[in-house]
Amino acid sequence: MRPLPALVLLTSLTTIGCHSHYVATTVSNRTGKPIELLEVDYPSASFGTQNLATGSDFHYRFKVLGSGPMKLLYTDSAHQDHKADGPFLKEGAEGLLSIAITPTGVTWQPDTTVTSGK
């Protein structure tokens with residue numbers, strides 16, 4: 001049976017040789033009011049949601065291609081637009097990133113591996 005050794009080799013190579021770098025992000029609404037529109041920009045792309053209820057979290061994983069700063073844009077329930085600058089990411093960054101939106105502003109809490117990159 002020839003196919004079995006090839007399958008075992010392929011499975012071994014994919015589990016040993018591959019590690020996908022990504023940033024696991026949690027955006028938390030701690031403002032006490034709903035957020036109507038949320039966008040997080042990072043090098044080469046963005047993600048977001050139409051609504052984030054008060055006290056809710058939004059989870060998203062992304063791969064960093066290229067290097068550059070992050071930015072958070074959101075619209076509150078009074079239709080006021082807000083912008084907050086975030087950390088600089090290098091290609092290949094990985095780890096956890098927490099973004100808390102509070103009544104006094106935005107707090108970014110990246111793991112050191114997120115901001116150090118490769």
Asker: Would you confirm whether Ser77, through its side chain, and Lys33, through its main-chain N or O, come within 3.5 Å as a donor-acceptor pair?
Answerer: no
Asker: Kindly give the heavy-atom pair with the smallest separation between Leu97 and Val23, and that separation in Å.
Answerer: CB-CG1, 3.9 Å
Asker: Rounded to the nearest 0.5 Å, how far apart are OH of Tyr74 and CG of Leu37?
Answerer: 12.0 Å
Asker: Hey, are the side chains of His21 and Val64 touching, using non-hydrogen atoms and a 4.5 Å cut-off?
Answerer: no
Asker: Look up atom CG in Asp76 and atom CD1 in Ile35, then write down how far apart they are to the nearest 0.5 Å.
Answerer: 8.0 Å
Asker: Between Ala53 and Asn29, what is the shortest heavy-atom contact and its length?
Answerer: O-ND2, 3.4 Å
Asker: Measure the CG-OG1 distance between Asp57 and Thr25 for me, rounded to the nearest 0.5 Å.
Answerer: 12.0 Å
Asker: Check whether Asp111 reaches the backbone of Gly95 with its side chain - one donor and one acceptor, N or O, closer than 3.5 Å.
Answerer: no
Asker: Less than 4.5 Å apart, any side-chain heavy atom of Pro43 and any of Ser67?
Answerer: no
Asker: Nearest 0.5 Å please: distance from the NZ atom of Lys63 over to the OH atom of Tyr22.
Answerer: 11.5 Å
Asker: Could you pull out the closest heavy-atom pair between Glu94 and Thr113, with the gap in Å?
Answerer: O-OG1, 2.8 Å
Asker: Which pair of heavy atoms, one from Val114 and one from Leu96, lies closest together, and at what distance?
Answerer: CG2-O, 3.4 Å
Asker: Mark yes or no for whether Trp108, through its side chain, and Asp85, through its backbone, hold a donor-acceptor pair below 3.5 Å.
Answerer: yes
Asker: Keeping the roles fixed (side chain from Ser28, backbone from Arg30), state whether a donor-acceptor pair exists under 3.5 Å.
Answerer: no
Asker: Going from CG on Leu38 to CD1 on Ile101, what distance comes out if it is rounded to the nearest 0.5 angstrom?
Answerer: 5.0 Å
Asker: Does Arg61 CZ have over 12 foreign heavy atoms under 6.0 Å away?
Answerer: no
Asker: Once you measure the plane-to-plane angle for Tyr60 and Phe47, does it fall in the parallel (<30°), tilted (30-60°) or perpendicular (>60°) bin?
Answerer: parallel
Asker: Without swapping roles, check the side chain of Thr54 against the backbone of Gly32 for a donor-acceptor pair under 3.5 Å.
Answerer: yes
Asker: Quick check for you: to the nearest 0.5 Å, what is the distance between His82 atom NE2 and Leu73 atom CG?
Answerer: 11.0 Å
